[in-house]
Amino acid sequence: HTISVSAFLLNRSSDLPLEYCGLSQWQQLKGQFWEPLDEGLAVGSHWSAVFEKLDLLANKFTQAFYERNWSGEFEPPVSDISIAEAYTVQDLIAERRVQRGEEVVGYKVGCTSEAIRSQFGLSESISGRLFSPHVYGEGAEVNWKNYVNCAIEPEMVFTIGVDLYGTNLPHDQLIDSIECVSAGIELHNFRFWFAPPTSQELICSGGIHAGLIVGKNKVSPKQLSFKHELFSVRKNGELITEAPASEIMGGPIHSLGWLVDSLTNRGSCLEKGSLVIPGSPVGLTCIDQDTEVSVEIAGVGVLVSHFEDRV
């Protein structure tokens, strides 16, 4: 892993300029030559061991996503790695998925409301990537048995109209950056492989994200308060849960700002054309049988999707 360890080391210490917009430090630095450190081989050996641990976790989480099962022992323990190292694992997983022909099309922010934090037993927000071809249009039928403990969340889906880079960007700038807003249904593999759940595993798994259904209706962000819009979820016409947008970190625009801050601090940016789902004000709703799911977000629209076991 000589070259990979070099990139990993640089990833931990570099501040990248704006021209790296849209790519992780890992992707930008991979392949660059590593000048030996003063401490010599002992330091190199230490970081080689660290990287091998992260690389192994990346392999196991990637395999678990595609095979819907954890392979082998639960080693190394995901709780032993840092938050920064968990994002490195997420970067490595994204690299593997792109190599399989997938494409990063945006980001999600997870663990943003008290309802979700209580459900997971966690307290910190995280970000993860959205991938094509796992983004579906309205009318798509979903086989709920293709997921590990299939669950859904209602989401606003932002289409970003400009590159965003920087920290503490003004609220108005964030709203102006949104080209349009649609209703969405986020799909989850609702399974933490390690017990108890940790933020590290939530980051490695990309927020247990498995897919996204995006509604056809598009509205201007200018006509929304991003505080008072009521999110509701119905199964076969029965109301399951509802809560206002303000439950999402005080409002979805705060969540968007958190994401841009986080990406900027990791040497990346939010690219024009990206999709962003800023989180849900309600907990996950489990789908364990054929179900018609209806998500309504006041002022944005209604999205209906059928979850069926198609053998």
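Keep in mind that what you see is a predicted model, and the values were worked out from it rather than measured.
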Item checked: Sidechain-backbone polar pair: Thr62 side chain, Ala58 backbone, donor-acceptor under 3.5 Å -> yes
Margin query: Is it the case that the side chains of His306 and Glu141 hold a donor-acceptor pair, with the cut-off being a distance below 3.5 Å and no angle test?
Written below: no
Check: Are any non-hydrogen side-chain atoms of Ser220 and Ile178 less than 4.5 angstrom apart?
Finding: no
Notebook entry, point to check: Which of parallel (below 30°), tilted (30 to 60°) and perpendicular (above 60°) describes His171 and His254?
Noted result: tilted
Note to self: Val302 vs Ser294, test: side chain to side chain contact (heavy atoms under 4.5 Å, CB included). Steps then yes/no.
What the structure shows: CA-CA 7 Å; Val302 177; Ser294 174; 3.7 Å; yes
Next item on the list: Give the cluster check for Ile287 versus Ile277: same hydrophobic cluster or not, with ILVMFWY residues linked at side-chain heavy-atom distances below 4.5 Å.
Entry: no
Check: Hey, is the main chain of Thr264 close enough, under 3.5 Å, to the side chain of Ser268 for a donor-acceptor pair?
Finding: no
Margin query: Under a 4.0 Å threshold between the charged nitrogen and the carboxylate oxygen, would Asp309 count as salt-bridged to Lys145?
Written below: yes
Check: Considering only heavy atoms from C-beta outward, does the side chain of Val142 approach that of Glu308 to under 4.5 Å?
Finding: no
Notebook entry, point to check: Taking the six-membered ring for Trp, is the centroid-to-centroid distance between Phe61 and Trp193 below 6.0 Å?
Noted result: no
Next item on the list: May I ask you to decide if Gly207's main-chain N or O and Lys108's side chain share a donor-acceptor pair within less than 3.5 Å?
Entry: yes
Check: Quick one: are Pro281 and Ile248 in side-chain contact, heavy atoms under 4.5 Å?
Finding: yes
Next item on the list: State whether Arg96 and Asp55 are salt-bridged, where the test is any N-O pair (Lys NZ or Arg NE/NH1/NH2 against Asp/Glu carboxylate O) under 4.0 Å.
Entry: yes
Check: Is any NZ, NE, NH1 or NH2 atom of the basic residue among Lys53 and Asp80 found under 4.0 Å from an Asp or Glu carboxylate oxygen of the other?
Finding: no
Notebook entry, point to check: Under a 4.5 Å side-chain heavy-atom rule over Ile, Leu, Val, Met, Phe, Trp and Tyr, are Ile126 and Val276 clustered together?
Noted result: yes
Next item on the list: Report yes if the side chains of Glu155 and Ser280 come closer than 4.5 Å at any heavy-atom pair, otherwise no.
Entry: yes
Notebook entry, point to check: So, the side chain of Asp261 versus the backbone of Asn168: is there a donor-acceptor pair under 3.5 Å, distance only?
Noted result: yes
Check: Pro221 and Ile175: which non-hydrogen atoms are nearest, and at how many Å?
Finding: CG-O, 3.8 Å
Check: Can you hop from Val233 to Tyr147 via hydrophobic side chains spaced under 4.5 Å?
Finding: yes
Check: Can you tell me if Arg129 uses its side chain to pair, donor with acceptor, with the backbone of Val104 under 3.5 Å?
Finding: no
Next item on the list: For residues Val293 and Phe307, determine if any side-chain heavy atom of one lies less than 4.5 Å from a side-chain heavy atom of the other.
Entry: yes
Notebook entry, point to check: Rounded to the nearest 0.5 Å, how far does CG of Leu303 lie from OG of Ser182?
Noted result: 9.5 Å
Margin query: Just to verify, what does Arg68 make a side-chain hydrogen bond (donor to acceptor under 3.5 Å, both in side chains) with, not counting sequence neighbours?
Written below: none
Checklist line | Closest heavy-atom pair and its distance - Ile116, Gly283 | finding: CD1-CA, 3.6 Å
Notebook entry, point to check: Does the side chain to side chain contact (heavy atoms under 4.5 Å, CB included) test come out yes or no for Tyr165 and Val260, once each step is laid out?
Noted result: CA-CA 6 Å; Tyr165 182 90; Val260 176; 5.8 Å; no
Checklist line | Reported CG-to-CZ distance for the pair Leu256 and Phe226, which is rounded to 0.5 angstrom | finding: 9.0 Å
Next item on the list: Grab the two heavy atoms, one from Leu239 and one from Arg234, that are nearest each other, plus how far apart they are.
Entry: CA-CG, 3.7 Å
Next item on the list: May I have the step-by-step check of side chain to side chain contact (heavy atoms under 4.5 Å, CB included) for Ile152 and Leu284, ending in yes or no?
Entry: CA-CA 6 Å; Ile152 66 97; Leu284 272 66; over 6 Å; no
Margin query: Do Asn189 and Phe65 make a side-chain contact, defined as non-hydrogen atoms from C-beta onward lying under 4.5 Å apart?
Written below: yes
Checklist line | Backbone of Ser127 reached by a side-chain donor or acceptor of Tyr87 within 3.5 Å | finding: yes
Note to self: Could you check whether atom CD of Glu73 has more than 12 heavy atoms from other residues, nucleotides or ligands sitting under 6.0 Å from it?
What the structure shows: no
Notebook entry, point to check: Step by step, would you call Asp176 with Lys222 a salt bridge (Lys or Arg N to Asp or Glu O under 4.0 Å)?
Noted result: CA-CA 8 Å; Asp176 289 343; Lys222 302 293 187 181; 2.3 Å; yes
Next item on the list: Check the pair Thr167, Asn265 against side chain to side chain contact (heavy atoms under 4.5 Å, CB included), reporting the backbone distance first and the verdict last.
Entry: CA-CA 8 Å; Thr167 58; Asn265 289 333; 3.7 Å; yes
Notebook entry, point to check: Does Leu259 offer a backbone N or O that forms a donor-acceptor pair with the side chain of Ser262 under 3.5 Å?
Noted result: no
Margin query: Using a 6.0 Å cut-off, check whether atom NZ of Lys235 has over 12 heavy atoms from anything other than its own residue.
Written below: yes
Item checked: Short side-chain to backbone donor-acceptor contact, Asn217 and Gly301, under 3.5 Å -> no
Notebook entry, point to check: Got a sec, which pairs hit side-chain hydrogen bond (donor to acceptor under 3.5 Å, both in side chains) with one end in residues 197-212, sequence neighbours left out?
Noted result: Glu186-His209
Notebook entry, point to check: Does any donor atom in the side chain of Ser225 or Glu229 lie under 3.5 Å from an acceptor atom in the other side chain?
Noted result: yes
Check: Would a 4.5 Å heavy-atom cut-off, applied to side chains only, mark Leu130 and Leu212 as touching?
Finding: yes
Next item on the list: Kindly compute the distance separating OG1 (Thr112) from CD (Glu247), expressed to the nearest 0.5 Å.
Entry: 10.0 Å
Note to self: I want to check something: taking the side chain as every heavy atom from C-beta on, are Pro133 and Glu102 in contact at a cut-off of under 4.5 Å?
What the structure shows: yes
Next item on the list: Mind listing the closest non-hydrogen atom pair of Arg117 and Cys111 along with its distance?
Entry: NE-O, 2.9 Å
Note to self: If you compare all heavy atoms of Cys180 against all heavy atoms of Lys218, which two are closest, and at what distance to 0.1 Å?
What the structure shows: SG-CD, 3.8 Å
Item checked: Under 3.5 Å: donor-acceptor pair, side chain of Gln90, backbone of Ile203 -> yes
Check: Once you round to the nearest 0.5 Å, how far does CD1 of Ile213 lie from OG of Ser305?
Finding: 3.5 Å
Next item on the list: Please check if the side chain of Ser274 supplies one atom and the backbone of Gly106 the other of a donor-acceptor pair under 3.5 Å.
Entry: no
Notebook entry, point to check: Between atom CD1 of Ile208 and atom SG of Cys204, what is the distance when rounded to the nearest 0.5 Å?
Noted result: 13.0 Å
Next item on the list: Establish whether Val181 and Val157 are linked, either directly or via other cluster members, by ILVMFWY side-chain heavy-atom contacts under 4.5 Å.
Entry: no
Checklist line | From Glu179 atom CD to Leu275 atom CG, the distance as rounded to the nearest 0.5 Å | finding: 10.0 Å
Check: Side-chain heavy atoms under 4.5 angstrom apart, residues restricted to Ile, Leu, Val, Met, Phe, Trp, Tyr: same cluster for Phe158 and Val162?
Finding: yes
Margin query: Ignoring hydrogens, what is the shortest heavy-atom contact between Val219 and Gly299? Give both atom names and the distance.
Written below: CG1-O, 3.7 Å
Margin query: Can you confirm if the NZ or CZ of Arg100 lies within 45° of the ring axis of Phe131 and under 6.0 Å from the centre of its six-membered ring?
Written below: no
Notebook entry, point to check: Once the angle between the rings of Phe190 and Phe120 is folded into 0 to 90°, is it parallel (under 30°), tilted (30 to 60°) or perpendicular (over 60°)?
Noted result: tilted
